[in-house]
Amino acid sequence: MITIETLCLRIGNVPERDVQAWIDSDWLRPEGAPGHYLFREIDEARARLILELRDDMGINDEGMPVVLSLLDQLYAARRQMLRLREAISIPRENELRSRLRGLLTSAQD
């Protein structure tokens with residue numbers, strides 16, 4: 001886990017106020033309290049994504065929540081498809097049914 005200062009340096013010397021704005025907008029969800037945030041690898045990857053969307057693709061602050069939400073949905077669907085593929089590759093029918101039930105249950109949560 002890294003601090004906000006380290007995150008800012010790692011993702012391209014981004015101003016801390018930008019990262020704080022992303023946190024305030026709920027685009028990034030670090031652990032800890034304000035002034036004591038800790039970021040995981042996945043947070044760093046998301047910060048890089050936000051930068052790429054903003055700087056390379058021209059997504060503005062109003063469009064960012066929509067784009068991030070759609071990407072989150074896409075990644076969730078991809079994870080579900082991978083789980084389904086794993087479930088289908090199981091040779092025993094009872095275990096397949098059990099896994100499929102688990103997928104349906106987690107999809108409803």
Side-chain angles (χ1 to χ4, degrees):
M1 308 229 359
I2 59 173
T3 63
I4 194 169
E5 295 85 6
T6 303
L7 176 73
C8 290
L9 289 173
R10 283 190 183 179
I11 64 172
N13 214 18
V14 173
E16 200 171 310
R17 70 180 176 278
D18 286 2
V19 174
Q20 184 61 55
W22 302 343
I23 295 167
D24 294 342
S25 297
D26 206 28
W27 301 347
L28 275 180
R29 297 181 190 113
E31 293 182 19
H36 304 286
Y37 291 124
L38 292 175
F39 297 85
R40 299 165 290 170
E41 270 185 56
I42 193 76
D43 298 317
E44 184 176 346
R46 189 164 178 97
R48 288 180 192 280
L49 173 64
I50 291 167
L51 272 179
E52 184 178 339
L53 291 169
R54 183 188 76 181
D55 296 346
D56 297 344
M57 301 184 86
I59 306 296
N60 62 21
D61 287 351
E62 292 77 31
M64 191 67 70
V66 174
V67 172
L68 290 174
S69 175
L70 290 170
L71 286 171
D72 290 343
Q73 290 175 46
L74 178 64
Y75 294 142
R78 183 171 179 246
R79 283 190 304 272
Q80 284 293 96
M81 291 302 295
L82 288 172
R83 288 186 199 129
L84 182 58
R85 190 178 78 190
E86 288 173 9
I88 291 172
S89 69
I90 298 169
R92 295 181 303 237
E93 186 175 328
N94 288 338
E95 193 170 345
L96 174 61
R97 285 185 183 150
S98 174
R99 288 217 182 177
L100 287 173
R101 267 189 240 111
L103 287 174
L104 292 174
T105 302
S106 68
Q108 294 170 354
D109 293 337

Exercise. Looking at residues at least two apart in the chain, or sitting in another chain, which of them share a salt bridge (charged side-chain N to carboxylate O under 4.0 Å, His left out) with Arg10?
Worked result: Glu44
For this session: Considering non-hydrogen atoms only, spot the tightest contact between Ile50 and Trp22 and give its length.
Result: CG2-CE2, 3.6 Å
Out of curiosity, [X] [atom1] to [Y] [atom2], how far, rounded to the nearest 0.5 Å?
X     : Y    : atom1 : atom2 : value
Leu7  : Met1 : CG    : CE    : 11.5 Å
Leu38 : Ile2 : CG    : CD1   : 9.0 Å
His36 : Ile4 : NE2   : CD1   : 12.0 Å

Problem set entry | Ile42 CD1: over 12 foreign heavy atoms closer than 6.0 Å | no
For this session: Report yes or no: do Tyr75 and Ile59 belong to one cluster of Ile/Leu/Val/Met/Phe/Trp/Tyr joined by side chain heavy-atom distances under 4.5 Å?
Result: yes
Exercise. Are Met57 and Met64 joined in one hydrophobic group, where the rule is that I, L, V, M, F, W and Y side chains link up if heavy atoms are under 4.5 Å apart?
Worked result: yes
Sequence neighbours excluded and cut-off under 3.5 Å, please list the side-chain donor-acceptor pairs for residues 23-30, or say none.
from	atom 1	to	atom 2	distance (Å)
Asp24	OD1	Gln20	NE2	2.9
Ser25	OG	Ala21	O	3.0
Asp26	OD1	Arg29	NE	3.2

Exercise. Pick from Leu68, Ile11, Val67: which one makes a side-chain contact (heavy atoms from CB on, under 4.5 Å) with Leu49?
Worked result: Leu68
Problem set entry | Asp43 bridged to Arg46 by N-O distance under 4.0 Å | no
Seminar exercise, completed: Taken in chain and number order and not counting sequence neighbours, the residues that satisfy side chain to side chain contact (heavy atoms under 4.5 Å, CB included) with Pro34 are Tyr37
For this session: Indicate yes or no: at least one non-hydrogen side-chain atom of Arg54 is less than 4.5 angstrom from one of Asp18.
Result: yes
